[in-house]
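Below is one structure; the comments refer to it alone.
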Amino acid sequence: MPKFRFAPSGAGMAQRVREFDWSSTALGDVDTWPSELKTAVGYLLDCKFPSAIVWGPGLTTIYNDAFLPILGDKPNTLGKSFAEIWHEAWPTIGSMVEQAYAGEAVFVENFPLVVERYDRPEQAYFTFCYSPLRMADGSIGGMMDTVVETTQTVDAHAHRKLLSEELTHRLKNTISVVQAIARQTLKPAVDRETLDTFENRLNALGLAHEALTNGGWTKASVKSIAETALSLISDRSKIDLQTCNVEVGPKTALSLSLLLHELATNAEKYGALSQDSGRVKVR
């Protein structure tokens with residue numbers, strides 16, 4: 001027990017680390033471990049965040065309890081080479097490990113990797129950092145891998161994006177149907193200009209909803225609202241738009257979109273945009 005004073009915990013991975021035959025690995029007997037490695041392992045086993053230590057040229061791996069879900073059902077991983085444990089992903093992450101061993105930390109978010117944890121390949125996503133572990137003389141002894149799996153988050157975002165795209169598609173179809181009904185219903189009763197005005201307002205409303213869809217239907221930036229509302233102008237080059245990314249709620253977004261559309265339409269019919277040399281500045 002004295003040789004493991006740096007790992008006093010009696011449960012989980014701390015117990016497995018104490019019982020493991022380290023003399024069968026490149027690290028050798030625990031009594032020969034450098035103090036830097038012992039300190040790092042002590043920190044690792046006390047840490048509640050998924051972490052692993054990769055040490056020495058043999059990439060010998062030690063990990064904590066929180067790291068176990070990252071490994072899944074991979075067998076006999078304690079004390080093995082990091083390259084062997086993640087052999088299926090090594091062509092992708094190998095250069096990152098080399099970078100950490102060269103003294104430069106690596107950090108990536110929602111990084112896609114195909115891994116084999118349950119006897120089959122699976123697409124997974126991880127946010128992780130490979131941090132160099134330095135010896136007292138400044139040389140690199142190994143690296144610390146701190147990682148969290150983000151597969152569920154990435155999949156949820158992708159699903160939400162798909163739903164948003166479907167909603168946008170259906171909204172456009174609905175607006176097209178309303179326009180067709182309006183043409184059939186109102187054509188005998190109103191002039192062409194009035195009908196065009198109604199259809200253009202529907203289009204402006206549809207563009208405002210599209211801007212809101214991109215913001216998850218909770219907000220939209222003034223910039224995106226202005227850009228979409230003014231995109232219906234026949235000669236967009238006549239408009240000098242300088243606005244900001246201040247975000248507004250759905251009700252304000254719809255009102256602002258229709259307001260800008262009406263102002264731009266009036267300018268195109270009767271104001272500056274009706275002249276060849278006319279220009280409009282939006283601030």
Side-chain angles (χ1 to χ4, degrees), residues 109-110 112 123-125 150-283:
E109 291 184 278
N110 299 328
Q123 178 67 69
Y125 295 84
T150 59
T151 303
Q152 289 186 343
T153 301
V154 172
D155 287 346
H157 286 169
H159 183 62
R160 186 178 69 179
K161 183 174 183 292
L162 182 64
L163 290 178
S164 295
E165 291 174 349
E166 177 65 19
L167 177 61
T168 300
H169 176 70
R170 294 193 179 196
L171 179 61
K172 289 180 178 179
N173 287 343
T174 300
I175 290 177
S176 297
V177 170
V178 172
Q179 288 176 328
I181 293 174
R183 280 193 295 268
Q184 294 296 323
T185 305
L186 301 178
K187 189 174 182 180
V190 301
D191 57 74
R192 179 64 189 180
E193 183 178 357
T194 302
L195 193 57
D196 288 344
T197 299
F198 176 73
E199 290 186 354
N200 287 335
R201 286 172 176 169
L202 278 179
N203 287 331
L205 186 64
L207 289 174
H209 279 83
E210 187 172 338
L212 282 170
T213 299
N214 294 333
W217 274 92
T218 60
K219 59 188 177 181
S221 70
V222 171
K223 181 178 180 180
S224 65
I225 294 167
E227 288 176 344
T228 54
L230 298 175
S231 65
L232 296 175
I233 298 303
S234 57
D235 190 353
R236 178 65 177 77
S237 64
K238 290 185 176 183
I239 299 179
D240 178 15
L241 174 63
Q242 293 185 17
T243 183
C244 58
N245 284 319
V246 172
E247 294 177 332
V248 295
K251 184 177 180 180
T252 302
L254 294 175
S255 299
L256 181 58
S257 180
L258 292 175
L259 172 64
L260 288 172
H261 170 72
E262 293 298 321
L263 290 173
T265 300
N266 288 338
E268 195 170 35
K269 288 182 178 180
Y270 314 112
L273 297 183
S274 65
Q275 310 294 323
D276 290 339
S277 60
R279 296 292 184 272
V280 168
K281 292 183 179 180
V282 181
R283 298 289 184 268

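Numbers here are sequence positions counted from 1.
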State which residues pass side-chain contact (heavy atoms from CB on, under 4.5 Å) with Ser255; sequence neighbours excluded, sorted by chain then number.
none
For Val222, which residues count as a side-chain contact (heavy atoms from CB on, under 4.5 Å) partner, sequence neighbours excluded?
Thr243, Val246, Val248, Leu256
Can you tell me if Ser257 uses its side chain to pair, donor with acceptor, with the backbone of Ala253 under 3.5 Å?
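No.
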Non-hydrogen atoms of Asn110 and Tyr125 that approach each other most closely
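In terms of heavy atoms, the two residues are closest at O-CD2, 3.6 Å.
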Distance-minimising heavy-atom pair for Ala226 and Leu260:
CA-CD1, 3.7 Å
Once you round to the nearest 0.5 Å, how far does CG of Leu230 lie from CD of Glu268?
10.5 Å
Restricting to pairs with a member in residues 220-233, which pass salt bridge (Lys or Arg N to Asp or Glu O under 4.0 Å), not counting sequence neighbours?
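Counting only pairs at least two positions apart or across chains, no salt bridge (Lys or Arg N to Asp or Glu O under 4.0 Å) contact touches residues 220-233.
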Filter on salt bridge (Lys or Arg N to Asp or Glu O under 4.0 Å), then keep only pairs touching residues 243-263, sequence neighbours left out; what's left?
Arg201-Glu262, Lys219-Glu247
I'd like a table of donor-acceptor pairs (distance under 3.5 Å, sequence neighbours excluded) in which one partner is a side-chain atom from residues 269-283, with atom names and distances.
residue	atom	partner	partner atom	Å
Ser274	OG	Gly271	O	2.5
Arg283	NH1	Asp240	O	3.3
Arg283	NH2	Asp240	OD2	3.1

Ignoring hydrogens and angles, state whether a donor on the side chain of Ser221 or Ser224 is under 3.5 Å from an acceptor on the partner side chain.
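Yes, side-chain donor-acceptor contact under 3.5 Å.
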Given side-chain contact (heavy atoms from CB on, under 4.5 Å), test Leu263 with Leu259 step by step and report yes or no.
CA-CA 6 Å; Leu263 290 173; Leu259 172 64; 4.2 Å; yes
According to salt bridge (charged side-chain N to carboxylate O under 4.0 Å, His left out), who are the partners of Glu109, at least two apart in sequence or on a separate chain?
none
